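First the structure, in the form of structure tokens, and then the observations on it.
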Amino acid sequence: MERRERADAARNRRAILRAAEELLRMHPPEQVSVERVAAAAGVGKGTVFHRFGSRTGLMRELMAERARELEQAVAEGPPPLGPGAAPADRLVAFLDAVARLAARNGNLIAAHEHAVATRKAPEQPREENPIYLAWHRHVSGLIAQARPDVDAEEIAHMLLGTLHMEPIAAQLRAGRPERLAAAFAALVGALLGGEGRSEG
């Protein structure tokens with residue numbers, strides 16, 4: 001019985017995330033409510049709240065799903081994104097991948113920010129978000145390898161923070177990551193050396 005309940009819960013989770021993703025493809029973020037996601041997934045609204053806690057929690061989990069593939073490529077994939085390349089080349093590849101991930105998921109990011117802005121309870125600071133923490137740890141580690149003489153943690157915050165600057169965020173929401181990726185590559189090339197160009 002317990003195994004059946006776990007299987008049902010896993011199936012509901014997949015259905016809810018898939019429904020949210022499909023709705024975000026077709027509708028503005030502010031129109032993707034918990035009620036609408038539940039109806040599309042074929043579950044009750046209470047099931048969504050039980051599994052994800054809130055609309056914000058649902059959007060955060062969907063973002064985490066998208067980020068896991070990148071994390072796996074960083075840990076186990078081929079270079080330059082994965083292990084085996086020089087730190088500068090890995091950093092260029094990673095920032096390029098982050099820019100493209102953000103561009104592919106513009107509506108999801110906008111939906112998450114809308115959910116945060118409209119919820120009553122305070123949101124977890126961005127710097128404490130597990131995705132941000134993992135990205136910051138990776139970026140600062142690569143910088144520290146190549147340039148132990150600089151403040152790698154602060155520079156990593158500066159690089160990742162550009163994703164949330166409105167002119168750049170607008171480009172990413174429009175699905176145009178190339179300009180940001182090229183700018184990241186130029187910055188990394190100036191700071192760390194290496195190829196200093198974006199693959200792609």
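One-based numbering along the sequence shown. This structure is a prediction, so every number in the text was calculated from the model and none was measured.
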Contacts of type side-chain hydrogen bond (donor to acceptor under 3.5 Å, both in side chains), residue [X], not counting sequence neighbours:
| X | value |
| --- | --- |
| R147 | D149 |
| H136 | H157 |
| H27 | R36 |
| E69 | none |

Handout entry: Selection residues 70-84 - residue pairs positive for side chain to side chain donor-acceptor pair (under 3.5 Å), sequence neighbours left out
Key =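 Found none.
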
Problem - side-chain contact (heavy atoms from CB on, under 4.5 Å) against A85, all qualifying residues, sequence neighbours excluded - result: P79, P80, D89, R90

Practice task
Could you tell me the separation between the CE atom of M158 and the CD atom of E153, rounded to the nearest 0.5 Å?
Solution key: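 Rounded to the nearest 0.5 Å, the CE-CD separation comes to 14.0 Å.
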
Practice task
Using a cut-off of 6.0 Å, state whether more than 12 heavy atoms not belonging to R179 lie near its atom CZ.
Solution key: no

Practice task
Not counting sequence neighbours, list each pair that qualifies as a salt bridge (Lys or Arg N to Asp or Glu O under 4.0 Å) and has a residue in residues 159-176.
Solution key: E166-R173

Practice task
For the pair R55 and E61, evaluate salt bridge (Lys or Arg N to Asp or Glu O under 4.0 Å) and give the outcome as yes or no after the intermediate values.
Solution key: CA-CA 10 Å; R55 181 170 177 261; E61 182 60 22; over 6 Å; no

Problem - Side chains of I143 and P87 in contact at under 4.5 Å (non-hydrogen atoms) - result: no

Exercise for the section: Please tell me if the side chains of F94 and V139 come closer than 4.5 Å, counting only heavy atoms from C-beta onward. Expected result: yes

Problem - Distance-minimising heavy-atom pair for W135 and A67 - result: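 Between these two residues, the closest heavy atoms are CZ2-CB, 4.3 Å.
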
Problem - E65 with R13: basic N within carboxylate O range, under 4.0 Å - result: yes

Can you give each donor-acceptor pair under 3.5 Å made by side-chain atoms of residues 14-22, sequence neighbours left out, with the distance rounded to 0.1 Å?
unit_1 : atom_1 : unit_2 : atom_2 : d
E21    : OE1    : R66    : NH2    : 3.1
E21    : OE2    : R66    : NE     : 3.0
E21    : OE2    : R66    : NH2    : 2.5
E22    : OE2    : R25    : NH1    : 2.4

